[in-house]
Amino acid sequence: MVGDGLWSFVVIAGPIILGLALLYAILRNRRTREQEARTEQATHELYRETSAEDRIHTP
């Protein structure tokens, strides 16, 4: 039957395709150490600015 062949394909190939898609996404979203350091530096600067503004506006 055609339905059995299609179902077998979905059961066997589905997880393989899903795994490959997840692997592709993980590899595409990796950051270099330089990017990570730049992000951390920007976060620290933002916290510092926010903290300074809070001290100014606190009665």
Side-chain angles (χ1 to χ4, degrees):
M1 278 194 223
V2 174
D4 291 338
L6 180 61
W7 186 247
S8 297
F9 175 77
V10 169
V11 169
I12 294 170
I16 294 171
I17 293 170
L18 180 61
L20 291 173
L22 288 172
L23 181 63
Y24 175 77
I26 290 170
L27 292 176
R28 290 280 296 157
N29 286 324
R30 295 173 82 189
R31 292 184 181 178
T32 64
R33 289 188 175 172
E34 179 182 296
Q35 291 171 328
E36 193 69 34
R38 192 173 344 132
T39 300
E40 288 295 321
Q41 182 63 33
T43 302
H44 288 294
E45 289 176 13
L46 180 62
Y47 285 162
R48 219 175 296 128
E49 290 172 7
T50 303
S51 179
E53 288 176 6
D54 286 345
R55 283 191 297 257
I56 292 171
H57 295 294
T58 303

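These values consider heavy atoms only, across backbone and side chains, with no hydrogens, waters or symmetry-generated copies. Starting from 1, each residue takes its place in the sequence as its number. Remember, predicted model here, so these are calculated numbers, not experimental data.
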Working to the nearest 0.5 Å, report the span between OH of Y24 and CG of N29.
9.5 Å
L18: hydrophobic cluster co-members (side-chain, 4.5 Å):
L22
Can I get a per-line list of side-chain donor-acceptor pairs under 3.5 Å for residues 43-50, giving both atom names and the distance, sequence neighbours left out?
{"from": "T43", "atom 1": "OG1", "to": "T39", "atom 2": "O", "distance (Å)": "2.9"}
{"from": "E45", "atom 1": "OE2", "to": "Q41", "atom 2": "NE2", "distance (Å)": "3.1"}
{"from": "T50", "atom 1": "OG1", "to": "L46", "atom 2": "O", "distance (Å)": "2.9"}

Q35 atom CD, neighbour heavy-atom count above 12 within 6.0 Å:
yes
Got a sec, which residues hit side chain to side chain contact (heavy atoms under 4.5 Å, CB included) with L27, two or more places apart in sequence or on another chain?
L23, R30
List for me each residue that meets salt bridge (Lys or Arg N to Asp or Glu O under 4.0 Å) alongside E36, sequence neighbours excluded, and say none if there are none.
R31
According to side chain to side chain contact (heavy atoms under 4.5 Å, CB included), who are the partners of A13, at least two apart in sequence or on a separate chain?
F9, I17
R33: partners by salt bridge (Lys or Arg N to Asp or Glu O under 4.0 Å), with sequence neighbours left out:
none
